[in-house]
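Basis for what follows: all heavy atoms, side chains included, without hydrogens, waters or symmetry-related copies.
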There are 2 protein chains.
Amino acid sequence: MGVIRKTKAVEVLLNEFSTGSVAISAKALIEQLGEMFNKTTIYRVLDKLEDDGVLHSFLGKDGLKWYAKCNGCTSKEHKDVHPHFQCLQCGKVDCLPVHVSLPEIPNRKIEISQLLIQGKCEACFV
Amino acid sequence: MGVIRKTKAVEVLLNEFSTGSVAISAKALIEQLGEMFNKTTIYRVLDKLEDDGVLHSFLGKDGLKWYAKCNGCTSKEHKDVHPHFQCLQCGKVDCLPVHVSLPEIPNRKIEISQLLIQGKCEACFV
DNA sequence: TTTGTTAATGCAACAAAGTTGCGTTATATT
DNA sequence: AATATAACGCAACTTTGTTGCATTAACAAA
Ligand SMILES: [Mn+2]
Ligand SMILES: [Mn+2]
Ligand SMILES: [Zn+2]
Ligand SMILES: [Zn+2]
């Protein structure tokens, strides 16, 4: 079940994702907001916001969990699927609003897919 | 640095990967061989075999580390890049020997990419 | 075959990310 | 204002993987 009450933690976390398509790791949010809220609260709010279709999550290069804002998703349908890009130099992760055509795989039913591209971001690419 | 001495652990672990393009998680190997070898040894041997270009590793859907045999790789060059498929029903993971064309991403330098496709495998797909 | 070097191992302790249980607090409804 | 319960904080825990160090064993040289 998703968010039911608009608490301080919900408000502050939502605000963190208010700008753009940059992803934030749960770890970074705890480092940043861990004095204001308990890490358990942060994990639980993120989880619920994902349930609501407000955020989506994925795993970065070290298996860390990252979150970013969803576009046009609801609690019933998560339709905002796209690859992610992680900069190997500065660590920044963002959503790539492009379509990826998956390869043909006979005799298998594809349900989900995750593509993580790594390299140098705009800022770090000379 | 990679494997230097052909120990029992190296021999047994190599044998686990002798057949086909099925991946095995470090976790599964420890469950399976943990009475024969210490988990530290298992982690270290896998790590070294990857250095040698004998195995490659990637992260599965829960962030677990998986290993599979490399084809035509050396310690100098890991060229066997391909997507992986994880069955959501039986958990099996295998290497997909296909090429994936990445989307165009302006102003960024792509260095690595990982594609994990999830769904139902041949055996679980009715 | 014996000896010597050191890679590899086992063990225990640790680290990091995330989860769970439970008593307390605060939101929102009546 | 009173009430119900969602959300919270805290501590303890789980899981996967790592590190330091003393001991063992692979392997080549004598
Ligand atoms: Mn995204
Ligand atoms: Mn593979
Ligand atoms: Zn960057
Ligand atoms: Zn299956």
Side-chain angles (χ1 to χ4, degrees), chain A residues 1-17 23-68 75 84 86 91 93 114 116, chain B residues 1-17 23-68 75 84 86 91 93 114 116:
Chain A
M1 215 212 321
V3 168
I4 290 180
R5 297 179 181 175
K6 197 131 202 183
T7 63
K8 201 74 189 292
V10 170
E11 185 192 328
V12 170
L13 278 168
L14 270 181
N15 188 56
E16 291 294 314
F17 291 96
I24 315 177
S25 65
K27 186 191 176 197
L29 287 166
I30 289 164
E31 283 167 357
Q32 199 175 329
L33 306 172
E35 311 228 337
M36 204 180 321
F37 308 107
N38 188 273
K39 65 172 178 174
T40 310
T41 300
I42 294 174
Y43 280 120
R44 288 198 275 228
V45 169
L46 291 171
D47 202 50
K48 288 182 176 179
L49 288 173
E50 186 172 18
D51 275 356
D52 287 336
V54 174
L55 300 179
H56 61 277
S57 75
F58 56 94
L59 300 183
K61 61 182 257 283
D62 303 309
L64 288 204
K65 203 163 187 184
W66 291 73
Y67 287 87
S75 59
H84 295 96
Q86 181 156 28
V93 176
Q114 303 163 39
L116 180 68
Chain B
M1 214 211 322
V3 167
I4 291 178
R5 298 179 181 175
K6 197 132 201 183
T7 64
K8 201 76 189 292
V10 169
E11 186 193 327
V12 169
L13 277 168
L14 270 180
N15 187 56
E16 290 294 314
F17 291 96
I24 316 177
S25 66
K27 185 191 176 195
L29 287 166
I30 289 165
E31 283 167 357
Q32 198 176 328
L33 306 173
E35 311 229 336
M36 204 179 321
F37 307 106
N38 188 274
K39 66 173 178 173
T40 309
T41 301
I42 295 176
Y43 280 120
R44 288 197 275 227
V45 169
L46 291 172
D47 202 49
K48 288 181 177 180
L49 289 173
E50 185 172 18
D51 276 356
D52 287 336
V54 175
L55 300 179
H56 61 277
S57 74
F58 56 93
L59 301 183
K61 61 183 257 284
D62 303 310
L64 287 204
K65 204 163 186 183
W66 291 73
Y67 287 86
S75 61
H84 295 97
Q86 180 156 29
V93 176
Q114 304 164 40
L116 179 67

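- In the interface, the side chain of Arg44(A) is not paired with the base of dG18(C) through any donor and acceptor atom under 3.5 Å apart.
- At the heavy-atom level, Thr7(A) lies under 4.0 Å from the strands shown only through sugar-phosphate atoms.
- Atom P of nucleotide dT5(C) and atom CD1 of Ile4(B) are separated by 17 Å, given to the nearest angstrom.
- Regarding contacts with the backbone of dA8(C), every side-chain N or O of Thr41(B) stays at 4.0 angstrom or more from both OP1 and OP2.
- Residue Asp47(A) contributes atom CG, which lies 7 Å from atom P of dT19(C) at whole-angstrom precision.
- Lys39(B) comes within 4.0 angstrom of a base, heavy atoms only.
- Taking every side-chain heavy atom of Asn38(B) into account, dG10(C) is the closest of dG10(C), dC8(D), dC10(D).
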For Leu33(A) and Glu16(A): C-alpha separation, side-chain torsions, deciding distance, then whether side-chain contact (heavy atoms from CB on, under 4.5 Å) applies. CA-CA 10 Å; Leu33(A) 306 172; Glu16(A) 291 294 314; 4.1 Å; yes
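- Rounded to an integer number of Å, the gap from NZ of Lys65(A) to P of dT15(D) is 17 Å.
- When the side-chain nitrogen and oxygen atoms of Lys27(B) are compared with OP1 and OP2 of dT15(D), none of them lie within a distance under 4.0 Å.
- The aromatic rings of Tyr67(B) and Phe17(B) sit perpendicular to each other, their planes meeting at more than 60°, with 30° as the lower class boundary.
- Each of Phe37(A) and Trp66(B) was matched to the nucleotide of DNA chain D holding its nearest heavy atom; the match closer to the 5' end belongs to Phe37(A).
- Comparing atom distances between the Tyr43(B) side chain and each of dA17(C), dT16(D), dT20(C) picks out dT16(D) as nearest.
- Checking dA7(D), dG21(C), dG17(D) against every side-chain atom of Lys48(A), the shortest atom distance belongs to dA7(D).
- Residue Arg5(A) places its side chain closer to dA6(D) than to any other of dA6(D), dC8(D), dG10(C).
- The CE atom of Met1(A) sits 7 Å away from the P atom of dA7(D) (whole-angstrom rounding).
- Summarising the geometry, the separation between CD on Glu31(A) and C1' on dG18(C) is reported as 14 Å, rounded to the nearest angstrom.
- When every heavy atom of Arg5(B) is checked against every heavy atom of Val10(B), the shortest pair comes out as O-CG2, 4.0 Å.
- Nucleotide dG10(C) holds its C1' atom 15 Å from the CD atom of Glu35(B), rounded to whole Å.
- Nearest approach of Leu59(B) to Gly60(A), heavy atoms of both residues: CD1-O, 4.2 Å.
- Taking side-chain N and O atoms only, Lys8(B) has no distance below 4.0 Å to OP1 or OP2 of dT9(C).
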side-chain contact (heavy atoms from CB on, under 4.5 Å) assessment of Val45(A) paired with Val12(A): CA-CA 10 Å; Val45(A) 169; Val12(A) 170; over 6 Å; no
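- The CG atom of Leu33(B) sits 13 Å away from the P atom of dT9(C) (whole-angstrom rounding).
- Contact annotation for Leu64(A): backbone-only contact, meaning every heavy-atom pair under 4.0 Å involves sugar-phosphate atoms and none involves a base.
- To the nearest angstrom, P of dG17(D) lies 12 Å from CD of Glu50(B).
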